[in-house]
Structure formats: C-alpha cells, structure tokens
Amino acid sequence: MKWQLVPRNPIEAVSAYQETRRELSLWTPQDAARFLDTARSHRLYALFYLGMATGLRRGELLGLRWDDITGNVLHVKQTLVKAKGKLVLSTPKTAKGTRRVSLARCARGAATTPSTPRRRASIFVA
C-alpha cells in the first residue's frame, strides 16, 4: 500500500479467525494423589512426581540432567524437542525459560533418587 501498487488492501476482505477457547480441565489434589499412587511402580514415576511438584513442562523435564540438580535447586538449562522428526536437546525458547526452580523437600527425593544409572547424562531419557 505504501507505493500504491495495489488499489486496496486485500486483507480488509478477510474475516478475522475466531478462536474458540477451551475450558481447562485441571486435576484436583485428590486426582493428582490418585495418579501418583497408581503410577508408583512405573519407571517414570520420578518424572511424574517432579512434574507435578514443580510445574515444569514436558520438554523441560525430559531435558534434565543429573548436573542440573544442586542441593534443593533444579536448573532448567535445556529442553528436549522434536526437530525434523528427531528428538534433540535445545536451549529454552526464551531467556526466561532458563531458570532455577526450588525443590520442595518432598520433590528432592524424586529428583535425587536415580531410577536409571547415574552414568547417563539425562535423568529420564535412555
């Protein structure tokens, strides 16, 4: 439009997309406790527990390494993402994504008890 090569703006003829909002379905504390009780023998129990205790996203949880835990602080430095059909470790998308998360006493046990041999770099990904 700046150079007046198009007589009118074609976007003006397009209706705006109306996004329908979905209502969030959140678990109650009882739902979460029931899930964790059921998953107690699952090999990824620590991942489930840590996710619920910290609120980390799936990719952040799967990107954790043992070196990312210092005392009662978890350092989010990388995420596991799917790129071109392959799983790769990447830095978080924004600067705020790289952060420290304080671990509650109950979550420390889940984060510091290796369910896989400690020689692996990642906590949860084989």
Side-chain angles (χ1 to χ4, degrees):
M1 296 302 297
K2 183 177 178 180
W3 298 315
Q4 300 299 313
L5 298 177
V6 179
R8 66 180 189 86
N9 186 348
I11 296 300
E12 292 173 355
V14 177
S15 299
Y17 173 73
Q18 297 297 319
E19 183 178 352
T20 55
R21 290 199 160 264
R22 294 183 302 172
E23 190 171 326
L24 289 178
S25 174
L26 302 176
W27 284 2
T28 64
Q30 294 80 14
D31 293 336
R34 189 171 38 251
F35 171 79
L36 288 174
D37 189 47
T38 302
R40 190 169 300 280
S41 62
H42 194 279
R43 70 180 185 89
L44 295 178
Y45 174 78
L47 175 96
F48 303 146
Y49 192 99
L50 197 57
M52 287 192 186
T54 62
L56 290 177
R57 296 173 183 93
R58 178 178 52 201
E60 293 170 336
L61 287 165
L62 294 174
L64 289 175
R65 298 166 296 186
W66 289 110
D67 295 341
D68 296 334
I69 302 170
T70 307
N72 66 342
V73 177
L74 189 116
H75 302 271
V76 178
K77 301 176 187 174
Q78 64 183 11
T79 61
L80 186 71
V81 295
K82 197 173 211 176
K84 297 182 182 177
K86 294 186 178 186
L87 294 174
V88 294
L89 291 171
S90 175
T91 56
K93 289 191 282 187
T94 65
K96 288 185 178 182
T98 302
R99 63 194 186 283
R100 293 181 299 206
V101 177
S102 180
L103 293 175
R105 184 174 301 168
C106 60
R108 281 183 224 152
T112 58
T113 306
S115 56
T116 57
R118 210 172 156 90
R119 68 181 184 280
R120 293 185 182 160
S122 176
I123 294 177
F124 300 110
V125 179

Any side-chain heavy atom of V73 sitting closer than 4.5 Å to one from V101?
-> no
Can I get a per-line list of side-chain donor-acceptor pairs under 3.5 Å for residues 14-26, giving both atom names and the distance, sequence neighbours left out?
none

How are the rings of F35 and F48 set to each other: parallel, tilted or perpendicular (split at 30° and 60°)?
-> perpendicular
Could you grab the distance from atom OH of Y49 to atom CG of L61, nearest 0.5 Å is fine?
-> 14.0 Å
Distance-only, no hydrogens or angles: does the T79 side chain make a donor-acceptor pair with backbone N or O of V81 under 3.5 Å?
-> no
Using modelled atom types only, decide if a donor and an acceptor are shared between the side chain of Q78 and the backbone of G63 within a distance under 3.5 Å.
-> yes
pair D68-V76: side-chain heavy atoms closer than 4.5 Å = no
Kindly indicate, with the supporting measurements, whether the criterion side chain to side chain contact (heavy atoms under 4.5 Å, CB included) is fulfilled by R100 and L74.
-> CA-CA 6 Å; R100 293 181 299 206; L74 189 116; over 6 Å; no
Measuring from K82:NZ to L80:CG, what's the distance to the nearest 0.5 Å?
-> 10.5 Å
Should we count CZ of R99 as having more than 12 external heavy atoms under 6.0 Å?
-> yes
Do any pairs count as a side chain to side chain donor-acceptor pair (under 3.5 Å) and have a residue in residues 28-41, sequence neighbours left out, and if so which ones?
-> T28-Q30, T28-D31, D31-R34, R40-Y45
Calculate, to the nearest 0.5 Å, the distance between atoms CE and CG belonging to M52 and L47 respectively.
-> 10.0 Å
How long is the gap from CG on L87 to NZ on K84, to the nearest 0.5 Å?
-> 15.0 Å
Is it true that E60 and K77 make a salt bridge, defined as a side-chain N closer than 4.0 Å to a carboxylate O?
-> no
Atom CD1 of I69 and atom CG of L103: how far apart are they, to the nearest 0.5 Å?
-> 7.0 Å
